[in-house]
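Scroll down for the structure; my scribbles are underneath it.
Quantities reported herein were computed from a predicted structural model and do not represent experimental measurements. All values below come from the heavy atoms of this structure, side chains included, with hydrogens, waters and symmetry mates left out. Here is how names work: the chains are called A, B, and so on, in the same order as the sequence lines, proteins then strands, and each is numbered from 1.
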There are 2 protein chains.
Amino acid sequence: MNIGEAAKASGVSAKMIRYYEATGLIPKAERRTSGYRDYSPADVHNLRFIRRARDMGFAVAEIHELLGLWRDRSRHSADVKRIAAAHVEELSVRIAAMEEMRSTLQTLIGCCAGDDRPDCPILADLEEPGVAVRPDAQARLRERAIANRRG
Amino acid sequence: MNIGEAAKASGVSAKMIRYYEATGLIPKAERRTSGYRDYSPADVHNLRFIRRARDMGFAVAEIHELLGLWRDRSRHSADVKRIAAAHVEELSVRIAAMEEMRSTLQTLIGCCAGDDRPDCPILADLEEPGVAVRPDAQARLRERAIANRRG
DNA sequence: GATGGGGCTTGCCATCATGGGAAGGTCAAG
DNA sequence: CTTGACCTTCCCATGATGGCAAGCCCCATC
């Protein structure tokens, strides 16, 4: 199987398959005499696992761990569960941050006439926070914005 | 005011102040004879606006627009409202994507014994989606994961 | 057998906002 | 005058992904 066929069959782009190989997430592919990479159904199976894990929002580093456990027949399901739970926790932190942003903005939008006059509580709040939002909410917003940017 | 003082007063790191200047988000700072940048309270005011907008999750390009409207005394509040509403919509899309990931994972985690045995529905689902998640949910998950990665 | 189009190779660049670090100039306090 | 803290510019890295370009390979069609 060419890389293009493997890409179509797995849902992972050819570009990303090469990237995963270069970064060691997957082993180096077999090569034909032409230099073309050659993939087996088992390779595609691997790639589909990766694709699915990406769809769940796992980072490549986490997928590396998950792949190791997947291959390890003497794994402990507790190890898998721990990784998944950590990821859920991270998702929750980011969701909370974004929900807080959204809530703040929705409040401000609700106060904005949205007409051809210049008066705008949205700009007013950006200029001087607290006109429309309570101070304690601001502090949390700030912290979570930072956490979210990192994650 | 030195850049370090402006950074402390605005909550924007010195590094980012230089970056914003280089990319044209803020005008080039005045310089002392030594070559040091020199900031006025008005500059700090600008930076705090930017900082606050970043905390709300606005991208720098959006902040560029917002700054323009902020300066424009003949602005229409409708323009500000439109930008904010678009951002809320984008946040909503990303929140929905992450909530779906989280929900799927939570279901799987709930089915995982988390002990020293290898059997693991989490790995099973990554390997062969649908064992624990309905197919229509998978399709949405996939699409939203893509949208989320882009955003 | 030649030719053309599509697929493959590598390598480099860009994204977006942010931090890190090095090499060298400046300032202020002791 | 020295020392340490601050400033300057420039380069590099992040994470996962796409794009582009030069050049090679494969297959089908003429």
Summary of protein contacts for nucleotides 5-13 of chain D, nucleotide by nucleotide, where a base hit scores B, a sugar-phosphate-only hit scores S (4.0 Å, heavy atoms): -BSBBB---
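- Across the protein-nucleic acid pair, A:Arg54 atom CZ and D:dG18 atom P stand 10 Å apart, rounded to whole Å.
- OP1 or OP2 of C:dG19 has not a single side-chain nitrogen or oxygen of B:Tyr19 nearer than 4.0 Å.
- With D:dC25, C:dG19, D:dA16 as the choices, the nucleotide that has an atom nearest any side-chain atom of A:Val60 turns out to be D:dA16.
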From CA spacing to verdict: side-chain contact (heavy atoms from CB on, under 4.5 Å), A:Arg75, B:Leu123: CA-CA 11 Å; A:Arg75 65 177 166 258; B:Leu123 291 178; 3.4 Å; yes
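- At a threshold of 4.0 Å, the pair B:Asp79-B:Arg82 counts as salt-bridged, since one of the basic side-chain nitrogens sits closer than that to a carboxylate oxygen.
- The phosphate of C:dC27 has OP1 or OP2 within less than 4.0 Å of a side-chain N or O from B:Ser34.
- Residue A:Arg32 has no polar side-chain atom (N or O) positioned under 4.0 Å from OP1 or OP2 of C:dC8.
- Linking Ile, Leu, Val, Met, Phe, Trp and Tyr residues whenever their side-chain heavy atoms come within less than 4.5 Å leaves A:Ile17 and A:Tyr36 in two separate clusters.
- A sub-4.0 Å separation between OP1 or OP2 of C:dG19 and a side-chain N or O of B:Ser13 is present.
- The shortest distance between side-chain heavy atoms of B:Glu127 and A:Trp70 falls below 4.5 Å.
- Comment: A:Asp115 engages A:Arg117 in a salt bridge, judged by a side-chain N to carboxylate O separation of less than 4.0 angstrom.
- In this structure, A:Ile17 places its CD1 atom 14 Å from C1' of C:dT9, rounding to the nearest Å.
- Rounded to whole angstrom, the span from the CD1 atom of B:Ile63 across to the P atom of C:dC16 amounts to 13 Å.
- The number of heavy atoms from other shown groups lying within 6.0 Å of CZ (A:Arg31) is above 12.
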